[in-house]
Peer 1: 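Can you read through this structure? Questions will come right after.
The shown structure was predicted, so the numbers you read here are calculated from the model rather than taken from an experiment.
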Amino acid sequence: MKIQWWPWGVLTAISLALLLFFVLYPLGVLFGNSITGQDGGFSLEGFRALLADSQYVEAFGNTLILGLAVTTCTVLVGVPFAYMVARYDFPLKNLVAILPVLTIVIPEIIVGQSWLLILGNNGILTNLLGDAGISLPSFYGWTGMVFSMTLVYYTYIYLGVLAALRGFDGQLEEAGLSLGTPPFLTKLRVLVPVLLPAVLVNALVVFTLVVGNFALAMLLGSRVPLLSVMTYNTFVSEMGGSPTLQSAMSVVSIAIVAIVLFFQKRVVERKVYTMTQGRAPAATRVRSWTALLYTSGVGLVIAISLLPLIVVFIAAFTKTSGPVMQWGQWSLASMQRAVHGAPEPILNSLKFASLATVLGVAFAVLASYLTIKKRSASTQVLDYIVVLPLTISGTVLGIALVQTFNTGWLVLAGTSGIMVLCYTVRRLPFAVRNASSMLFNIPESIEEASISLGVSPLMTFFKVVLPAMKASIISAAILMWLTTISELSASIVAYSGGLETMPIAIFRQVDGGRLGMASAYGAALVTVIVLPIIVSVKAFRIKLFSGK
């Protein structure tokens with residue numbers, strides 16, 4: 001399809017120019033720095049230094065092991081969870097089916113902080129069991145990371161498998177049973193091959209998220225070397241010095257994700273089965289002790305997943321004495337210090353997230369319209385670049401942006417601009433995905449009818465297309481707000497004095513052992529995340545996660 005030069009050709013060119021400058025160009029600078037020696041010439045000394053560093057090699061191996069361990073655990077939790085919800089009818093099922101989605105709302109920094117309050121060296125449960133003579137293993141290290149990341153990421157497996165189960169044609173199983181095949185063997189031969197692509201695709205998503213995870217790895221990793229933490233530490237230690245080593249580490253992190261995506265394309269897509277959409281099997285009602293077992297089983301997983309939300313609010317109003325939480329004694333001191341004494345992180349988060357949401361949604365609406373309704377070779381390139389930040393860890397993206405915009409004619413490092421840029425670029429794919437969801441259902445005949453009546457294509461876009469996209473635009477804005485205001489991995493690299501946000505403040509307070517103040521900022525963060533979402537969903541009747 002040819003695209004008209006005005007206005008869509010011009011807008012496509014402008015969109016591509018912005019993405020090339022703010023996404024591809026920083027990544028190019030990062031790669032260039034990784035192969036540039038101290039004399040300014042071509043050199044692989046950064047990569048050679050990494051290979052010669054035993055700690056880095058260990059971090060590389062640990063990162064892969066952590067990714068595989070967490071991915072395996074999320075599959076073991078998410079797949080049975082989805083199967084029970086899809087195939088069985090038990091008490092509170094409707095509530096149980098939607099509650100796991102709420103885990104996406106909880107920022108990872110709050111998850112880590114809350115579990116430290118519960119199972120840390122001075123945690124509630126640690127002290128209670130210690131008084132009873134029971135000693136728990138340290139929550140720092142592998143135990144804490146695998147446990148907390150599993151509870152954060154199993155929802156991706158759950159949602160993907162649940163969608164696949166609801167789209168499965170139950171007649172396939174009935175045909176297998178009619179041939180005399182035992183029920184278990186029928187599921188193994190018929191259901192598993194159809195579900196396998198959904199499991200593998202979402203498992204790869206989880207793996208890439210774990211590899212790029214910063215918040216939980218930094219808070220709970222203790223002395224376990226990991227790539228994301230080492231990349232951040234190297235960046236901090238080399239500020240003002242040679243960027244070669246930090247760039248080389250970042251390129252290796254990107255390479256891991258690229259290899260995983262290549263695996264997804266070459267292996268996973270070969271296992272896709274196409275079937276005519278049929279009727280999913282009716283859910284089997286379970287009763288008595290079986291119903292109790294199902295409800296309590298899935299309810300326990302959800303309760304543990306949502307426990308950080310409860311703990312952070314309790315801790316925010318708990319009296320503290322230095323690093324010691326005096327549980328059962330209530331105080332407003334921490335909240336007063338956070339809201340009145342040091343409100344800058346709260347104000348900065350609101351300002352940066354608001355600007356990023358407005359810019360991101362505006363660009364996402366235009367980009368999604370061009371890629372779906374005005375297809376051409378240029379818009380296909382646009383479609384690829386716009387989702388590229390989704391495959392790059394936040395720490396790597398932050399380093400790339402800081403290295404690119406700390407000199408030259410456009411200096412953003414050290415200003416509010418770099419924070420807004422980090423937020424916008426990092427979370428833009430979320431907005432694009434949701435903004436595009438409604439466009440597939442808008443027939444082109446509506447636009448053609450408007451243009452035939454003398455309305456220009458651009459005015460038709462504003463008067464006809466945008467009103468029809470209202471629901472998806474609001475949904476995109478909600479998700480953009482949710483993901484930007486809780487962003488840490490990119491902003492922790494880019495921020496400087498006076499630009500501290502709530503996630504950064506929580507990270508610094510936890511690192512300093514001030515869990516009361518960290519909880520106060522955490523409660524404020526959850527509040528400014530949840531309240532706008534509730535108001536928007538109620539006012540506009542938006543199904544926030546309908547696209548998942």
Peer 1: How close do Pro26 and Thr404 get, heavy atom to heavy atom, and via which atoms?
Peer 2: CA-OG1, 3.1 Å
Peer 1: Does the side-chain contact (heavy atoms from CB on, under 4.5 Å) test come out yes or no for Leu116 and Leu220, once each step is laid out?
Peer 2: CA-CA 8 Å; Leu116 287 179; Leu220 304 176; 3.5 Å; yes
Peer 1: May I ask you to test the Ser486-Ile109 pair for a side-chain heavy-atom distance under 4.5 Å?
Peer 2: no
Peer 1: State the CG-CG distance between Leu388 and Leu27, to the nearest 0.5 angstrom.
Peer 2: 6.0 Å
Peer 1: For Ser378, what residues pass the side chain to side chain contact (heavy atoms under 4.5 Å, CB included) criterion, not counting sequence neighbours?
Peer 2: Thr12, Leu16, Ser376
Peer 1: Can a side-chain donor-acceptor contact be found between Gln403 and Ser247 if the only test is distance below 3.5 angstrom?
Peer 2: yes
Peer 1: With a 4.5 Å limit on heavy-atom distance, are the side chains of Val206 and Val75 in contact?
Peer 2: no
Peer 1: Main chain of Met502, side chain of Asn348: is a donor-acceptor contact present, judged purely on distance under 3.5 Å?
Peer 2: no
Peer 1: Just by modelled atom types, is the Gly221 backbone N or O under 3.5 Å from a matching donor or acceptor in the Trp142 side chain?
Peer 2: no
Peer 1: For Asn233 and Val229, indicate whether the former's side chain and the latter's backbone hold a donor-acceptor pair under 3.5 Å.
Peer 2: yes
Peer 1: Quick one: are Asn213 and Met218 in side-chain contact, heavy atoms under 4.5 Å?
Peer 2: no
Peer 1: Is there a donor-acceptor pair under 3.5 Å between the side chain of Thr244 and the backbone N or O of Thr36?
Peer 2: yes
Peer 1: Taking all non-hydrogen atoms of both residues, which atom of Met480 and which atom of Ala431 are closest, and how far apart?
Peer 2: SD-CB, 3.9 Å
Peer 1: How far does CE of Met145 sit from CG of Leu216, to the nearest 0.5 angstrom?
Peer 2: 9.5 Å
Peer 1: On the 0 to 90° scale, with breaks at 30° and 60°, tag the Phe147-Phe139 ring pair as parallel, tilted or perpendicular.
Peer 2: perpendicular
Peer 1: Taking atom CD1 of Ile399 and atom CD1 of Ile392, what is their separation to the nearest 0.5 Å?
Peer 2: 12.0 Å
Peer 1: Does Leu24 form a side-chain contact (heavy atoms from CB on, under 4.5 Å) with Leu19? I'd like the steps, not just the answer.
Peer 2: CA-CA 7 Å; Leu24 285 187; Leu19 289 175; over 6 Å; no
Peer 1: Yes or no on side-chain contact (heavy atoms from CB on, under 4.5 Å) for Thr63 and Ser228, after CA distance, side-chain angles and deciding distance?
Peer 2: CA-CA 8 Å; Thr63 299; Ser228 59; over 6 Å; no
Peer 1: Within a strict 4.5 Å, meaning less than it, do heavy atoms of the Leu397 and Cys422 side chains meet?
Peer 2: no
Peer 1: Is any side-chain heavy atom of Tyr153 closer than 4.5 Å to one of Cys73?
Peer 2: no
Peer 1: Can you confirm whether Tyr384 is buried at OH, in the sense that more than 12 heavy atoms of other residues, nucleotides or ligands lie under 6.0 Å from that atom?
Peer 2: no
Peer 1: About how many Å separate CD1 of Ile304 and CD1 of Ile118, when rounded to the nearest 0.5 Å?
Peer 2: 9.5 Å
Peer 1: Minimum heavy-atom separation for Val224 to Gly141, with atom names?
Peer 2: CG2-CA, 4.0 Å
Peer 1: Taking side chain as C-beta onward, heavy atoms only, is Leu151 less than 4.5 Å from Val77?
Peer 2: no
Peer 1: If every non-hydrogen atom of Asn202 is compared with every non-hydrogen atom of Gly160, which pair is closest and at what distance?
Peer 2: ND2-CA, 3.5 Å
Peer 1: Taking the side chain as everything from C-beta on, heavy atoms only, tell me whether Leu20 gets closer than 4.5 Å to Tyr25.
Peer 2: no
Peer 1: May I ask you to decide if Ser472's main-chain N or O and Ser475's side chain share a donor-acceptor pair within less than 3.5 Å?
Peer 2: no
Peer 1: In Å, rounded to the nearest 0.5 Å, how long is the span from CG of Leu421 to CG of Leu359?
Peer 2: 10.0 Å
Peer 1: Determine whether a donor-acceptor pair (N or O, by modelled atom type, separation under 3.5 Å) exists between the side chain of Ser349 and the backbone of Ile346.
Peer 2: no
Peer 1: Could you list all the salt bridge (charged side-chain N to carboxylate O under 4.0 Å, His left out) pairs where at least one residue sits in residues 480-496, not counting sequence neighbours?
Peer 2: Arg426-Glu487
Peer 1: Any side-chain heavy atom of Phe60 sitting closer than 4.5 Å to one from Ile256?
Peer 2: yes
Peer 1: Sort out for me which residue in Leu226, Leu227, Val493 forms a side chain to side chain contact (heavy atoms under 4.5 Å, CB included) with Tyr232.
Peer 2: Val493
Peer 1: For the OG atom of Ser354 and the CD1 atom of Ile485, what is their distance to the nearest 0.5 Å?
Peer 2: 7.0 Å
Peer 1: Between Tyr154 and Tyr158, is the ring centroid distance below 6.0 Å?
Peer 2: no
Peer 1: State whether a side-chain donor-acceptor pair under 3.5 Å links Gln113 with Ser519.
Peer 2: yes
Peer 1: Quick check: closest heavy atoms across Ala353 and Thr484, and the distance to 0.1 Å?
Peer 2: CB-OG1, 3.7 Å
Peer 1: Taking Phe214's backbone N and O only, do any of them form a donor-acceptor pair with Ser489's side chain (distance below 3.5 Å, no angle check)?
Peer 2: no
Peer 1: Verify, without hydrogens or angle tests, whether Thr126 (side chain) and Asn122 (backbone) share a donor-acceptor contact under 3.5 angstrom.
Peer 2: no
Peer 1: Quick check against the 3.5 Å criterion: does Thr371 have a side-chain atom that pairs as donor or acceptor with the backbone of Ser368?
Peer 2: yes
Peer 1: Could you pull out all residues at least two apart from Arg508 that satisfy salt bridge (Lys or Arg N to Asp or Glu O under 4.0 Å)?
Peer 2: Glu500
Peer 1: If you compare all heavy atoms of Met419 against all heavy atoms of Ser491, which two are closest, and at what distance to 0.1 Å?
Peer 2: CE-CB, 3.6 Å
Peer 1: Please check this pair: side chain of Asn406 against backbone of Ala413, looking for a donor-acceptor N/O pair closer than 3.5 Å.
Peer 2: no
Peer 1: Go through it in stages, so that I can follow the logic: the residues are Phe47 and Tyr56, the test is ring pair (Phe, Tyr, Trp, His ring centres under 6.0 Å), and I'd like the CA-CA distance, side-chain angles, deciding distance and then a yes or no.
Peer 2: CA-CA 11 Å; Phe47 294 99; Tyr56 175 79; 9.4 Å; no
Peer 1: Taking it one step at a time, do Ile506 and Leu488 satisfy side-chain contact (heavy atoms from CB on, under 4.5 Å)?
Peer 2: CA-CA 10 Å; Ile506 295 171; Leu488 174 67; over 6 Å; no
